[in-house]
Engineer: 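This is the structure, below, for whatever I ask next.
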Number of protein chains: 2
Amino acid sequence: MGVTKSQIFNSSQNQMAAIFKVLAHPARIAILQYISKQEACICNDIVDEIGLAQPTISQHLKELKSIDLIQGEIEGKKVCYCINLDTWATIQKTLNTFFNTTKSNCC
Amino acid sequence: MGVTKSQIFNSSQNQMAAIFKVLAHPARIAILQYISKQEACICNDIVDEIGLAQPTISQHLKELKSIDLIQGEIEGKKVCYCINLDTWATIQKTLNTFFNTTKSNCC
DNA sequence: TTTATATATTGCAATATTACGATTATAAAT
DNA sequence: ATTTATAATCGTAATATTGCAATATATAAA
């Protein structure tokens, strides 16, 4: 019925799915790549770069912020976004653990 | 409008998002983990283990198959699923490249 | 051939996501 | 104080996803 039955899964599974969900949109991948290669990562520059409307970018940024993948620093009337390297490293480690512990052993 | 504007992103970005999307559900994470630790990974066992209806599991398996993450081998009236280790390794490498090349350099 | 078992497909209701126009909030500039 | 610029929020339409009952398909067993 459109609702994920989170109760039947453990918190690790739900958390992992939540991380993947945030990354599961090309705009958010593009935003992360763009932020990563710019010196100044101003929201408005992202809007110009990506080619989606400002409210749409703002919404994507909010989702990236929701798992602390990026953080925004207010600089006057602009907001400078950057990647949160701590979260970034933690997530990379989590995903690698998942990939390393999941093996094939049948068929 | 509910439609992702794939045209404005490059194929690498779209492909990466597509991989993340398949993994962005706790049931699919749970299925992969269960398949990985069982000797025999029969579809019906997965249904019993996960606690979702058979058509729902079948649909999740279809999505995992769509990016070749798992493959099903027909054994009589049963189907034995296993992880496709080639795809698994390729995806892990792709994701690590993404995480390694995305750095923080502002704020 | 009939019956039982295992899985896939279809159709649909409930909910979530994507995108954007309109509006609001905030701060700098005039 | 007013205007301008930047970004967040609200409201909403279009579309996608999740989940399951009902049904279809396929193979094994009786």
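So you know, we letter chains A, B, ... as the sequences are listed, proteins then strands, and number each from 1.
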Engineer: Round to a whole Å and report the spacing from CD1 of Ile50(A) to P of dT18(C).
Structural biologist: 14 Å
Engineer: Quickly work out the Lys65(B) NZ to dT7(C) C1' distance and round it to whole Å.
Structural biologist: 9 Å
Engineer: Check whether any side-chain heavy atom of Cys82(B) lies under 4.5 Å from a side-chain heavy atom of Glu73(B), and answer yes or no.
Structural biologist: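 Sidechains of Glu73(B) and Cys82(B): no contact.
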Engineer: Please examine the side chains of Asn100(A) and Gln92(B), heavy atoms only from C-beta on, and report whether any two atoms are closer than 4.5 Å.
Structural biologist: yes
Engineer: Below 4.0 angstrom from OP1 or OP2 of dT17(C), is there any side-chain N or O of His60(A)?
Structural biologist: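 No, outside the criterion.
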Engineer: Consider the side chain of Gln54(B), meaning its heavy atoms from C-beta on, and name the nucleotide among dT15(C), dT7(C), dT18(C) that approaches it most closely.
Structural biologist: dT7(C)
Engineer: Would you find a donor on one side and an acceptor on the other, under 3.5 Å apart, between the side chain of Thr94(A) and the backbone of Thr90(A)?
Structural biologist: yes
Engineer: From dG19(D), dT9(C), dA16(D), pick the nucleotide closest to the side chain of Pro55(B)?
Structural biologist: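 That would be dT9(C).
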Engineer: Take Ala53(A) and Lys21(A), find for each the nucleotide of DNA chain C with the closest heavy atom, and name the residue whose nucleotide sits nearer the 5' end.
Structural biologist: Lys21(A)
Engineer: Tell me if the CD1 atom of Ile8(A) is crowded by more than 12 foreign heavy atoms within 6.0 Å.
Structural biologist: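 Yes, enclosed.
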Engineer: Return yes if the base of dA8(C) and the side-chain atoms of Gln59(B) contain a donor-acceptor N/O pair under 3.5 Å, otherwise no.
Structural biologist: no
Engineer: Quick one: which of dG19(D), dA19(C), dA7(D) gets closest to the side chain of Leu52(A)?
Structural biologist: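 My answer, after comparing the listed nucleotides, is dA19(C).
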Engineer: Starting at atom CD1 of Ile74(B), determine the distance to atom C1' of dA6(C), rounded to an integer number of angstrom.
Structural biologist: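 Rounded to the whole Å, the gap is 11 Å.
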Engineer: In whole Å, what is the span from the NZ atom of Lys77(A) to the P atom of dT30(C)?
Structural biologist: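 That distance rounds to 9 Å.
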Engineer: Could you tell me the separation between the CG atom of Asn44(B) and the P atom of dT27(D), rounded to a whole number of Å?
Structural biologist: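 The answer, rounded to whole Å, is 17 Å.
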Engineer: Could you give the CD1-to-P distance, from Ile42(B) to dA8(C), as a whole number of Å?
Structural biologist: 11 Å
Engineer: Separation of Glu73(A) atom CD from dA7(D) atom C1', in whole Å?
Structural biologist: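 After rounding, the reported distance stands at 16 Å.
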Engineer: Whole Å only: how far is the CD1 atom of Ile57(A) from the C1' atom of dA7(D)?
Structural biologist: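 Spelled out: CD1 on Ile57(A) to C1' on dA7(D) is 12 Å.
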